[in-house]
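Here the structure is laid out as structure tokens; the discussion comes afterwards.
Side chains included, hydrogens not; waters and symmetry mates left out as well; all remaining heavy atoms used.
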Amino acid sequence: MPSFDQVVLAGIATILPPIEVTSAELEDRLSPVYQRLKLPPGRLQLMSGIEARRLWNPGTRPSGPSIQAITGLLDRVDLDPKRVGCLVHGSVCRDFLEPATASKVHHGAGLPSDCWVYDVSNACLGILNGMIQVASAIQCGLIEAGVVVGTENSRPLMEQTIMSLNEDHTLTRQSIKPAFASLTIGSGCAAMLLARRDRFPTATRFNQVVAHANTEFHDLCVSDEDAGASMSPLMETDSEELMKRGIETGVAAFQKLNLTQEDEFDVTVCHQVGVRHRAAMLEAMELPLKRDYVAYDRLGNTGSAALPTALTLAAAEGFVQPQQRVGLLGIGSGINSVMVDLNWGETAAGVIAMPAS
């Protein structure tokens, strides 16, 4: 098991998009297809447990919130941007295909020229993957601090899905199912600051990190071709099979942590998909629901930003406390799982307000 004994999670932050869209509002916009198929209103929230999700203002690109999250987080922990040796932009969404969105974020955040700058894209695990990469760079002495950030923008997917469903008169109650997951997606932004332990000696420490790949099932959640920032994607998801195989993958990763009754988690934060996924996954891992933090009910599934956003809110609201053992249970389509075992410390955590436009 790799050691990260020289690394801490010094700060985490999230930016919540300004526009709230309820599941009831989405169903109102889908009234043509609901009426054709005689679907009962309230179905979306009942099946997902998602009451609302948030959207960025039209025209928002991922780099904007990402820059604000980094600058706000560095101010909060009082770290000079010149000390940041690596920037990873880890969301699915990006400003353009080339160059890396991280390049624009690096410039906007005023980070130094000797900083490593790149994107990592891995469905809902991009920010967690970037977290482990930055931790590795700190542990081996390459850098003293690094930032991982990502901003997901669900507006194009939501708009395209609504238009496509309303216009498709061949849909049946069965054939509409692969589009359901697209209606649970929300927008969000999250950032993490990792640093050498001697710089933030009382911050959150790493115990274990593990990964498990189950890529035989890479085709269970697939979006269409990437066309850059202006893309209007559609996504097809076999939700039932994805949940089954995702939990199977998560359990395999969880078993690699080799936890005993003496060192079990005090608190867990799992990937924020929906009510059925959460209940089934925690049951399979024999983890109590009451110790797991929930954010999907009001934010939806915000992709790579979902788990770090939930962790930020859990810490800011006091659900996570210093001296607790915290498990981050990440699962992403592909199918891959990343899990992180933390000893929570004095880590700065909070919501950063976007400046008025």
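For the residue pair E346 and T202, a side-chain donor N or O sits within less than 3.5 Å of a side-chain acceptor on the partner. Looking at E25 and T22, their side chains do bring a donor and an acceptor atom within 3.5 Å of each other. Using a 3.5 Å distance cut-off with no hydrogens or angles, the side chains of S164 and T161 do not pair a donor with an acceptor. No side-chain donor from either of D266 and Q324 sits under 3.5 Å from a side-chain acceptor of the other.
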Exercise for review: Tell me, with the steps shown, if L26 and M158 meet side chain to side chain contact (heavy atoms under 4.5 Å, CB included).
Suggested key: CA-CA 9 Å; L26 280 188; M158 185 191 76; 3.5 Å; yes
Worksheet entry | Candidate pair V77 and L193, rule side chain to side chain contact (heavy atoms under 4.5 Å, CB included), full reasoning | CA-CA 9 Å; V77 300; L193 171 68; 3.4 Å; yes
Q: Could you walk me through whether L87 and Y118 pass the side chain to side chain contact (heavy atoms under 4.5 Å, CB included) test, one step at a time?
A: CA-CA 7 Å; L87 165 65; Y118 57 95; over 6 Å; no
Any chance you could lay out the salt bridge (Lys or Arg N to Asp or Glu O under 4.0 Å) test for R197 and D5, step after step, and finish with the verdict?
CA-CA 8 Å; R197 187 176 173 181; D5 61 339; over 6 Å; no
Audit row: R325, W344, side chain to side chain contact (heavy atoms under 4.5 Å, CB included) steps and yes/no
CA-CA 6 Å; R325 193 157 188 172; W344 200 256; over 6 Å; no
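Between I50 and D297 there is no side-chain heavy-atom pair separated by less than 4.5 Å. Put simply, the side chain of S48 does not reach to within 4.5 Å of the side chain of N301, judged on heavy atoms. Contact annotation: the side chain of L342 approaches that of L328 to within less than 4.5 Å [non-hydrogen atoms, C-beta and beyond]. N336 places a side-chain heavy atom less than 4.5 Å from the side chain of N122. Taking the side chain as every heavy atom from C-beta outward, V147 and V88 never approach each other to under 4.5 Å. A 4.5 Å side-chain heavy-atom check between V33 and L37 finds at least one atom pair inside the cut-off. Contact annotation: the side chain of H89 approaches that of V149 to within less than 4.5 Å [non-hydrogen atoms, C-beta and beyond]. Proximity of R199 to V8: side-chain heavy atoms (C-beta onward) are nowhere separated by under 4.5 Å.
Within the 3.5 Å criterion, the main-chain N or O of N214 finds no donor-acceptor partner in the side chain of T249. With hydrogens and angles ignored, the 3.5 Å screen pairs a side-chain donor or acceptor of H106 with a backbone N or O of P112. Looking only at distances, no side-chain donor or acceptor of T60 sits under 3.5 Å from a matching main-chain atom of W56. Using modelled atom types, one side-chain atom of D119 and one backbone atom of A102 make a donor-acceptor pair closer than 3.5 Å. A donor-acceptor pair is defined here as one N or O able to donate and one able to accept, closer than 3.5 Å; no such pair exists between the side chain of Q272 and the backbone of V294. The main-chain N or O of A211 is found under 3.5 Å from a side-chain atom of K256 such that the two form a donor-acceptor pair. Remark: the backbone N or O of T14 is not paired with any side-chain donor or acceptor of T309 at under 3.5 angstrom. A donor-acceptor pair under 3.5 Å is absent between the side-chain atoms of T312 and the main chain of G350, judged by distance alone. At distances below 3.5 Å, not a single donor-acceptor pair connects side-chain atoms of S103 with backbone N or O atoms of P99.
Salt-bridge formation is detected for the pair R83/E144: a Lys NZ or Arg NE/NH1/NH2 atom is positioned less than 4.0 Å from an Asp or Glu carboxylate oxygen. Between R94 and E152 no salt bridge is recorded (no basic side-chain N to carboxylate O distance below 4.0 Å). A salt bridge links K104 with D95: at least one charged nitrogen is closer than 4.0 Å to a carboxylate oxygen.
Listed here is the closest heavy atom pair of I143 and R196: O-CG, 4.5 Å. Considering every non-hydrogen atom in both R53 and L299, the closest pair reads CB-O, 3.6 Å. Nearest heavy-atom pair across A295 and L313 is CB-CD1, 4.5 Å. Of all heavy-atom pairs spanning T101 and S63, the tightest one is CG2-CB, 4.2 Å. Closest of all the heavy-atom pairs between A349 and A316 is O-CB, 3.9 Å. Taking each heavy atom of L282 and P288 in turn, the nearest pair found is CD1-O, 4.4 Å.
L289 and I247 fall within the same hydrophobic cluster, defined by Ile, Leu, Val, Met, Phe, Trp and Tyr side-chain heavy atoms under 4.5 Å apart, directly or through other members. Residues I127 and W116 are members of one and the same hydrophobic cluster, defined by side-chain heavy-atom contacts under 4.5 angstrom among Ile, Leu, Val, Met, Phe, Trp and Tyr. Side-chain heavy atoms closer than 4.5 Å link hydrophobic residues (I, L, V, M, F, W, Y) into clusters, and following such links, possibly through other members, connects L183 to M47. Follow the hydrophobic side-chain contacts under 4.5 Å out from V340 and you reach V7 in the same cluster. Grouping the Ile, Leu, Val, Met, Phe, Trp and Tyr side chains by contacts below 4.5 angstrom, directly or via other members, places F319 with V351.
To the nearest 0.5 Å, atom CD1 of residue I138 and atom SG of residue C86 are 8.5 Å apart. Atoms CD1 and CG, on I19 and L16 in that order, are 13.5 Å from each other to the nearest 0.5 Å. Atoms CD and CG, on Q35 and L30 in that order, are 11.0 Å from each other to the nearest 0.5 Å. Atoms CG and CD, from L128 and Q133 in turn, are 11.5 Å apart once rounded to the nearest 0.5 Å. Atom CD of Q45 and atom CZ of R43 lie 14.0 Å apart (nearest 0.5 Å). In this structure, OG1 on T170 lies 10.5 Å from CD1 on I176, to the nearest 0.5 angstrom.
By the neighbour-count criterion of 12 heavy atoms within 6.0 Å, atom CD of E159 is densely surrounded, having more than that number from other residues, nucleotides or ligands. A 6.0 Å sphere centred on CD of E51 holds no more than 12 heavy atoms belonging to other residues, nucleotides or ligands.
Between H271 and H277, the ring planes are perpendicular. Angles over 60° get that label, and only those under 30° would be called parallel. Taking the six-membered ring where the residue is Trp, F206 and F4 present tilted rings, their angle falling between 30° and 60°.
Identified under the salt bridge (charged side-chain N to carboxylate O under 4.0 Å, His left out) test for residues 267-294, with sequence neighbours left out: E240-R276, E264-R291, R278-D292.
Just one residue in the list S304, P17, S187, C189 forms a side-chain contact (heavy atoms from CB on, under 4.5 Å) with T151, and that residue is C189.
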